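Take a look at the structure below.
Throughout, a chain's letter reflects where its sequence line sits, starting with A, and its residues are numbered from 1. The figures that follow rest on heavy atoms only: side chains count, while hydrogens, waters and symmetry mates do not. Just so it is clear, the model here is predicted, and its values are computed rather than measured.
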Amino acid sequence: MKKIEAIIKPFKLDDVKEALNEMGIKGMTLTEVKGYGRQKGHKEIYRGAEYVVDFLPKIKLELIVEDSHVDEIVECIRQAALTGKIGDGKIFILPIEEVVRVRTGETGNQAI
Amino acid sequence: MKKIEAIIKPFKLDDVKEALNEMGIKGMTLTEVKGYGRQKGHKEIYRGAEYVVDFLPKIKLELIVEDSHVDEIVECIRQAALTGKIGDGKIFILPIEEVVRVRTGETGNQAI
Amino acid sequence: MKKIEAIIKPFKLDDVKEALNEMGIKGMTLTEVKGYGRQKGHKEIYRGAEYVVDFLPKIKLELIVEDSHVDEIVECIRQAALTGKIGDGKIFILPIEEVVRVRTGETGNQAI
Amino acid sequence: MIQAGDTAFILASAGLVLLMTPGLALFYAGMVRSKNVLGTIMQSLIMISIISIEWVIIGYTMAFGPDVSGIVGDLSWFGLNGVSSAPSSDYASTIPHNVFMIYQCMFAVITPALITGAFAERMRFGPLILFSLIWTIVVYNPVCHWIWGVGGWLGNRGVLDFAGGLVVHLTSGAAALAAVLVLGPRKGFGRQSFIPHNLPMTVLGTGLLWFGWFGFNGGSALAANGIAATAFVSTHLAGMAGMAMWTLVEWLHRKKPTTLGSVSGAIAGLATVTPAAGFISPISAIIIGLLAGIICYTAVNLKNIIGLDDSLDVVGIHGIGGVVGTICLGIFASRAVNPGGSDGLLAGNASFLGTQIFGVLVVGTYAFIISWILLKIIDMLFGLRVSEENEVTGLDLSEHSETAYN
Amino acid sequence: MIQAGDTAFILASAGLVLLMTPGLALFYAGMVRSKNVLGTIMQSLIMISIISIEWVIIGYTMAFGPDVSGIVGDLSWFGLNGVSSAPSSDYASTIPHNVFMIYQCMFAVITPALITGAFAERMRFGPLILFSLIWTIVVYNPVCHWIWGVGGWLGNRGVLDFAGGLVVHLTSGAAALAAVLVLGPRKGFGRQSFIPHNLPMTVLGTGLLWFGWFGFNGGSALAANGIAATAFVSTHLAGMAGMAMWTLVEWLHRKKPTTLGSVSGAIAGLATVTPAAGFISPISAIIIGLLAGIICYTAVNLKNIIGLDDSLDVVGIHGIGGVVGTICLGIFASRAVNPGGSDGLLAGNASFLGTQIFGVLVVGTYAFIISWILLKIIDMLFGLRVSEENEVTGLDLSEHSETAYN
Amino acid sequence: MIQAGDTAFILASAGLVLLMTPGLALFYAGMVRSKNVLGTIMQSLIMISIISIEWVIIGYTMAFGPDVSGIVGDLSWFGLNGVSSAPSSDYASTIPHNVFMIYQCMFAVITPALITGAFAERMRFGPLILFSLIWTIVVYNPVCHWIWGVGGWLGNRGVLDFAGGLVVHLTSGAAALAAVLVLGPRKGFGRQSFIPHNLPMTVLGTGLLWFGWFGFNGGSALAANGIAATAFVSTHLAGMAGMAMWTLVEWLHRKKPTTLGSVSGAIAGLATVTPAAGFISPISAIIIGLLAGIICYTAVNLKNIIGLDDSLDVVGIHGIGGVVGTICLGIFASRAVNPGGSDGLLAGNASFLGTQIFGVLVVGTYAFIISWILLKIIDMLFGLRVSEENEVTGLDLSEHSETAYN
Ligand SMILES: Nc1ncnc2c1ncn2[C@@H]1O[C@H](COP(=O)(O)OP(=O)(O)O)[C@@H](O)[C@H]1O
Ligand SMILES: Nc1ncnc2c1ncn2[C@@H]1O[C@H](COP(=O)(O)OP(=O)(O)O)[C@@H](O)[C@H]1O
Ligand SMILES: Nc1ncnc2c1ncn2[C@@H]1O[C@H](COP(=O)(O)OP(=O)(O)O)[C@@H](O)[C@H]1O
């Protein structure tokens with residue numbers, strides 16, 4: 001099992017969710033995060049003074065998936081999250097040692 | 001050392017915290033997240049129209065623990081977070097390579 | 001590649017960001033979290049009754065970095081986040097298997 | 001004869017009292033957890049509909065219609081029959097009769113809304129509506145008639161209540177106590193802390209309530225005259241004194257002055273001076289405010305010791321405030337200030353204090369017993385509480401399929 | 001002769017109507033997504049500046065200045081020339097002329113603010129200002145003159161509009177419809193749900209609007225008299241009835257009564273009774289409120305079927321409300337209630353109903369066509385919509401370089 | 001003789017001015033960081049208690065009691081002795097004396113609350129209370145007497161201040177400047193950006209302030225007459241013009257019109273017209289508003305260059321506004337508009353402009369020096385600033401053991 005973490009643009013969430021749904025993905029967890037990267041921050045004005053805000057709103061998706069599905073899921077997310085502009089985000093893959101479903105106590109691929 | 005990530009129902013947080021406390025767990029980090037899974041989303045009504053909201057509020061707990069404690073902690077969380085209904089959540093175990101305590105610079109089990 | 005997760009005090013964020021910037025770090029992701037640890041929670045008063053709030057606001061930084069940079073980055077964050085008082089936070093290092101940049105599809109160190 | 005100045009004043013006052021109901025909704029909603037915000041708002045807001053309808057059909061005539069044995073008004077003004085923009089011969093002769101009617105309507109609306117703070121975060125919406133409607137008919141309307149209706153028996157015995165210490169605050173406080181006993185505490189009460197989700201919202205509500213209270217108390221003079229001036233001044237002074245005292249006591253007791261404490265003290269002072277506002281000197285108003293601050297603070301703290309889950313302290317603030325204010329009127333009332341009132345204990349008239357205590361006992365007992373019976377019946381028939389699962393989910397989603405913030 | 005009571009009443013009313021514009025801003029802003037909060041607020045708020053300037057320069061004299069062929073006022077009061085604190089001979093003879101002028105200014109301000117709900121979350125700020133300014137000159141000012149100006153042709157034909165069912169609600173509703181057609185739907189309309197980001201803010205806005213509406217309708221009597229009383233009572237009763245009905249219908253239709261439904265019903269009731277408020281009995285006001293609740297509920301639901309993205313339902317609530325209220329006045333008007341008004345259908349005068357329908361057709365058609373042409377021209381010259389990227393980013397950042405919450 | 005219309009108007013105005021204090025609390029609180037929301041609110045709100053108590057005991061008699069050498073009132077009205085609901089012979093003869101007293105109380109309350117914006121996010125609560133209390137006694141009360149008290153020396157020299165440009169805005173602005181110098185900047189000033197945490201809250205505060213300002217300026221006529229009408233109209237027009245101008249200037253200067261800019265301009269316009277409101281023509285009011293918008297915008301921007309951390313721009317908006325408005329009155333005043341006033345420069349009376357400048361110098365200097373000394377003393381004795389750790393934690397937790405949002 002692997003954990004896929006994807007940082008995407010907030011307004012792409014619906015598209016990504018739909019795409020994953022079509023692939024039969026049944027579970028994921030989402031966090032509102034702020035991203036700092038190559039994408040330029042926006043300017044805010046406060047009583048005539050300008051400030052640059054570097055941290056931009058992003059969505060982090062976390063999915064635990066079977067090893068065999070990793071590649072196609074990563075590709076699916078990438079396609080759906082793509083705008084082609086700077087700031088589209090990153091996808092990380094981490095190793096997972098075990099998964100437990102709280103409700104049943106099932107573990108491993110059963111628990112995903 | 002391992003990292004335990006537990007996605008649980010928000011109203012179970014107090015119970016889980018208490019149970020972990022009794023086990024002598026001294027540190028953890030909590031994030032408000034939104035979960036998508038088998039549990040059905042709720043319906044919202046907006047001027048006579050119905051919408052389904054898929055993403056439900058969940059709490060993610062993150063704990064770094066010594067290898068030897070992993071099993072009992074997972075079990076402890078599972079028991080405390082259990083309602084038996086769909087949506088109770090998941091527990092993931094990830095490998096950790098190093099831990100550093102900012103204040104002292106201690107590393108490894110010392111730093112947990 | 002490694003993933004560095006740092007839990008720090010919120011008011012230290014600017015210092016840490018600046019320090020990382022000076023090292024040439026170009027990307028990171030930030031989450032508002034709540035921490036529970038040795039640091040004592042604060043007291044809140046509600047119509048004459050006192051409550052203790054255990055969970056304190058913290059910031060979690062996540063950075064994916066090349067293996068060779070891990071140590072200096074960890075040290076950099078530690079220095080910048082240090083106040084010397086309880087609650088300064090923790091830094092965790094996790095293995096990462098792959099990174100993909102959504103925009104270009106680049107992987108590995110290219111994608112960081 | 002209709003006076004433009006008085007009419008303008010009572011219309012403005014009626015508008016101000018209407019504003020108090022959304023003000024109260026925000027005051028209360030700021031104090032609940034974020035899953036119950038809309039549910040809490042709705043429990044106050046819906047009174048504008050339910051009670052206004054009740055009032056124009058039957059409430060106004062029950063409360064102010066021609067007297068039947070001192071107990072209740074008859075039905076001659078059913079459906080506002082005969083209530084036109086000509087002045088009434090019985091009430092407020094310098095303003096249109098329908099202005100008096102709509103001004104009083106706003107009082108009837110806010111009274112059951114006050115009660116809802118007691119059982120916040122756990123009551124079902126349907127049974128709440130039923131309860132509030134019947135409660136207004138069997139508790140509010142008669143008590144209002146007893147005290148303010150021409151021929152009402154308590155009024156005839158000399159009980160005074162300038163703007164609703166008995167009629168509004170004590171009836172709702174007594175009903176709140178009954179509701180707390182019947183419904184029982186929230187899940188987790190005593191173990192978990194139910195910390196307010198948005199205190200600036202509660203502060204905003206307080207601002208609107210204070211502003212509205214000038215219409216509530218000032219307007220109760222029913223004319224823009226010296227009595228209105230006296231009531232307006234008393235209101236402001238008791239509010240600020242209640243705020244000062246609660247803040248100070250909490251500062252001494254808990255080492256910190258809190259925002260919620262300050263606004264709670266303000267509301268306590270405003271509620272407590274309500275029955276007395278038009279009958280007392282400014283110095284008396286300040287003393288009443290100071291007393292309100294310390295007594296209501298103590299009452300609210302006792303609650304935690306007794307273990308009653310009066311969620312937003314309706315008993316401790318409005319119930320106790322109504323009692324204290326009505327009794328204080330028995331002490332501080334002065335015919336030198338308002339010749340149309342009475343002299344109280346300090347002016348050498350102990351019997352008036354007795355009268356006021358009698359009023360408190362009668363109204364408190366009546367409102368408590370009837371409310372308790374009514375709640376028990378509705379509970380048996382329909383169930384008052386949301387299911388445990390819905391309580392966990394929160395009222396916003398379970399009762400209204402909405403969330404406050406997205 | 002200036003009467004202090006009347007002057008106090010209309011000054012207070014003018015203050016109340018001014019408060020409605022920030023009230024509306026919050027009412028609307030609570031319903032949009034959190035990236036468009038400030039943009040939505042600004043679209044209402046800025047009207048206070050733009051339209052007030054327009055009003056003192058040219059608007060007041062176009063609407064109320066000496067009549068030119070029933071169509072528009074001439075320019076004798078250009079820049080408030082001659083509008084002093086002496087009473088006018090044409091309007092409101094018991095209050096200073098400038099009080100009447102500033103009271104009417106507040107109506108002119110809120111009308112284009114109402115329209116902005118229709119194209120919320122997608123309109124550019126610059127073109128919005130241009131549109132609102134010209135719209136007020138070519139639509140609001142003349143229509144206001146036709147109906148309320150001395151010598152206005154619709155008023156002369158007997159069309160009645162107590163406080164702005166035609167002048168305010170129908171003109172803005174018709175312009176809203178035109179805007180929805182010209183601008184097209186928001187990105188994602190029909191696929192995504194645009195759930196309100198902060199309903200307590202919408203509730204607060206409703207409270208301020210209701211409070212302000214007493215000045216809007218009550219003040220339209222232009223004196224603190226029996227007509228003001230009638231209008232005040234009608235306003236409250238229609239508001240509460242609209243709220244009751246919408247809540248009930250949604251409860252039956254969708255199984256849950258919602259907070260947004262209750263406040264929407266209230267606004268529907270208040271808007272609908274506006275043209276009729278000073279001319280009808282309380283029972284008629286309740287019936288109008290109930291009709292408003294069910295008809296506007298239906299209209300808003302039809303929108304989803306037709307597929308028009310009237311973001312915050314300006315057409316369904318203000319447009320339809322203005323139409324229904326103006327026609328209902330043709331049915332329920334009663335000279336027994338207000339001898340200065342007309343008798344309606346139920347009082348045996350069918351022709352007055354015809355007159356009212358004529359008024360609706362004329363004003364609705366005129367406002368729709370001119371608005372549509374005006375929007376098309378501005379769109380061609382400058383572009384009305386923000387770019388797709390800015391729509392995704394949200395108006396707060398793209399149009400104002402700000403974020404609502406940090 | 002008491003006039004109902006005037007009494008209704010001043011009571012309503014007093015209520016409106018009271019509402020400005022919670023309005024200001026929200027206006028300010030929206031602009032601070034989320035850890036200082038309640039602390040900021042409390043610094044305004046608590047004035048209702050502290051200053052109202054001070055006012056009824058000693059403040060009213062110091063400000064308005066029988067004159068002692070033009071400097072201050074004597075203590076004959078100590079504890080409101082003799083201040084009843086009969087009219088005063090000196091002030092506002094058509095309303096009860098206690099109505100005048102409570103109306104003036106609201107002015108005394110909001111003035112020190114205005115100052116708190118200058119040292120937002122870093123002042124301790126206890127010393128704040130002490131400072132505000134003494135400041136009101138040594139600065140506000142005498143200055144108020146000099147200008148508005150019968151026999152006050154500046155009033156006798158012909159200085160005019162309709163509703164508090166000197167008494168309220170300049171005194172608080174000068175004290176704010178002293179406070180900024182004594183307390184020093186917030187930790188991180190110049191390096192970090194202190195972006196507002198909740199701009200809709202600031203917009204709401206603005207709405208309430210604008211609404212209340214009609215009572216502040218309109219009510220200062222002390223009767224519902226033509227002067228009140230003039231003041232009401234001036235207030236609205238200057239507010240809208242200030243808003244228009246600030247918005248425009250920021251749009252040109254920074255390429256975007258901001259919401260905070262619009263509301264800042266509105267407050268600047270409203271504050272600036274305050275001393276002049278009842279003495280000028282509508283066109284003059286518009287010019288004053290436009291000047292306020294551009295001058296205050298410039299002042300606020302200079303602050304960043306000079307490096308003074310006047311957190312919420314009290315000096316730049318209220319201080320400068322008070323100065324500009326008082327001087328503009330010297331230019332635009334017209335006895336044709338208000339025969340009880342003076343003619344200004346444009347009416348050929350240059351000496352009156354000199355008188356007004358003299359008033360500005362006297363009041364500004366006095367308020368600045370006394371405030372500075374007072375702050376220095378309290379700082380030495382008790383310490384004005386929270387500890388660095390508490391500043392990092394935020395006032396809500398460190399001073400009040402509360403959090404605004406949960
Ligand atoms: N090294 C990194 N570690 C963690 N998160 C990163 C890293 N680099 C970028 N991110 C995240 O990805 C987002 C997009 O990155 P950015 O550099 O702006 O654009 P792009 O991915 O198109 O190159 C950032 O906002 C941040 O949240
Ligand atoms: N594959 C997954 N990856 C990440 N998070 C998941 C995954 N599956 C479920 N979750 C999280 O666990 C929560 C509960 O899952 P759900 O399927 O609803 O119920 P259950 O765990 O009882 O089967 C979800 O809301 C989501 O936050
Ligand atoms: N075992 C742990 N697992 C995950 N997070 C932890 C753990 N221990 C501490 N933390 C996080 O680190 C923060 C600081 O820890 P704390 O024990 O208060 O102080 P210190 O790090 O100085 O010893 C906590 O608030 C929590 O967010």
Side-chain angles (χ1 to χ4, degrees), chain D residues 3-10 12-13 16 33-34 94 195-200 203-204 206-208 210-215 218 223-230 232-233 236-237 239-245 247 251 254-263 265-266 281-283 286 337, chain F residues 2-9 11-12 14-16 18-19 21-23 25-26 29-30 37-39 41-42 45-46 48-53 56 79-80 83-86 95-99 101-102 105-106 109 125-126 198 201 204 208 212 224 396 398-406:
Chain D
Q3 285 276 359
D6 294 340
T7 303
F9 185 60
I10 304 307
S13 295
L16 286 168
R33 287 165 289 171
S34 57
T94 61
I195 280 184
H197 93 288
N198 192 331
L199 281 174
V203 170
L204 167 62
T206 305
L208 296 179
W210 196 317
F211 181 52
W213 230 297
F214 291 133
N225 56 19
I227 309 289
T230 297
F232 188 107
V233 171
H236 181 69
L237 294 184
M240 70 86 188
M243 180 170 159
M245 182 54 103
T247 308
W251 205 338
R254 290 297 183 191
K255 308 280 172 302
K256 298 279 177 184
T258 67
T259 314
L260 183 61
S262 291
V263 301
S281 73
I283 302 302
I286 294 177
V337 171
Chain F
I2 292 179
Q3 285 274 2
D6 293 341
T7 304
F9 185 59
L11 285 177
L16 285 168
L18 180 276
L19 184 64
T21 295
L26 295 168
V37 179
L38 298 174
I41 286 175
M42 273 296 266
L45 213 61
I46 202 66
I48 301 179
S49 284
I50 303 162
I51 307 304
S52 297
I53 289 181
V56 301
L80 300 187
V83 179
S84 72
S85 51
I95 64 174
H97 191 183
N98 54 358
V99 172
M101 180 280 298
I102 202 76
C105 176
M106 306 309 185
V109 164
F125 188 61
N198 192 332
M201 187 183 280
L204 167 62
L208 296 180
D396 293 8
S398 75
E399 298 294 289
H400 307 292
S401 286
E402 293 180 300
T403 42
Y405 308 108
N406 280 296

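With a 4.5 angstrom heavy-atom cutoff, F:I50 does not touch chain D via any of its atoms. Both the backbone and the side chain of D:H197 come within contact range of chain F, each with at least one heavy atom under 4.5 Å from a heavy atom of that chain. Only the side chain of F:L80 comes within contact range of chain D, with at least one heavy atom under 4.5 Å from a heavy atom of that chain. Residue F:L45 touches chain D through both its backbone and its side chain, counting heavy-atom pairs closer than 4.5 Å. Interface residue D:P282: only side-chain heavy atoms are found under 4.5 Å from chain F. Heavy-atom distances place the side chain of D:V263, and not its backbone, under 4.5 Å from chain F. Heavy-atom distances place both the backbone and the side chain of F:I53 under 4.5 Å from chain D. Neither the backbone nor the side chain of F:I51 comes within less than 4.5 Å of any heavy atom in chain D. Neither the backbone nor the side chain of F:A86 comes within contact range of chain D; no heavy atom of the residue lies under 4.5 Å from a heavy atom of that chain. Within the 4.5 angstrom heavy-atom criterion, no atom of F:A29 approaches chain D. In this structure, chain D has a heavy atom under 4.5 Å from the side chain of F:I102, while its backbone stays farther away. With a 4.5 angstrom heavy-atom cutoff, F:L38 touches chain D via backbone and side-chain atoms both. For chain F, no part of D:A4 is nearby; none of its heavy atoms comes within less than 4.5 Å. Contact of D:I10 with chain F is not made at all, since no heavy-atom distance falls under 4.5 Å. Neither the backbone nor the side chain of D:S281 comes within contact range of chain F; no heavy atoms are under 4.5 Å apart. For a residue to count as touching a neighbouring chain, one of its non-hydrogen atoms must lie under 4.5 Å from one of that chain's; by this rule D:T258 touches chain F with backbone and side chain alike.
Here the closest heavy-atom approach between residue D:G218 and residue D:A228 is recorded as O-CB, 3.6 Å. Of all heavy-atom pairs spanning D:W210 and D:G239, the tightest one is CH2-C, 3.5 Å.
Interface summary for chain F: among D:A244, D:G226, D:S262, D:P257, the most heavy-atom pairs under 4.5 angstrom belong to D:P257. In terms of heavy-atom pairs under 4.5 Å with chain D, the best-connected choice from F:G5, F:P22, F:A8 is F:A8. The candidate with the highest count of non-hydrogen atom pairs below 4.5 Å against chain F, out of D:A223, D:G207, D:A229, is D:A229. Between chain D and the residues F:I48, F:V56, F:V99, the most heavy-atom pairs under 4.5 angstrom are made by F:I48. Your options are F:C105, F:S52, F:A12, and the one with the most heavy-atom pairs under 4.5 Å with chain D is F:S52. Contacts with chain D were tallied for F:L208, F:L18, F:I2, F:T403; F:L18 has the most, counting heavy-atom pairs under 4.5 Å.
Separating the CG atom in D:N225 from the OG1 atom in F:T7 is a distance of 8.0 Å, to the nearest 0.5 Å. Atoms CD1 and OG1, on F:I41 and D:T259 in that order, are 7.0 Å from each other to the nearest 0.5 Å. To the nearest 0.5 angstrom, F:M101 atom CE is 9.0 Å from F:M106 atom CE. Atom OG1 of F:T21 is separated from atom CZ of D:F211 by 12.5 Å, given to the nearest 0.5 angstrom. Interatomic distance, D:T94 OG1 to D:F9 CZ, rounded to the nearest 0.5 Å: 11.0 Å.
Checked by atom type and distance alone, the side chain of D:N198 never pairs as donor or acceptor with a backbone atom of F:Y405 at under 3.5 Å. F:N98 places no side-chain N or O within 3.5 Å of a backbone atom of F:V83 that could act as its donor or acceptor partner. Between the side chain of F:N406 and the backbone N or O of D:P196 there is at least one donor-acceptor pair closer than 3.5 Å.
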Practice problem: For the pair D:L204 and F:L26, evaluate side chain to side chain contact (heavy atoms under 4.5 Å, CB included) and give the outcome as yes or no after the intermediate values. | Solution: CA-CA 8 Å; D:L204 167 62; F:L26 295 168; 3.7 Å; yes
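Residues forming a ring pair (Phe, Tyr, Trp, His ring centres under 6.0 Å) with F:H400 (at least two apart in sequence, or on another chain): F:F125.
Remark: aromatic rings of D:H236 and D:W213 are distant, center separation not under 6.0 Å.
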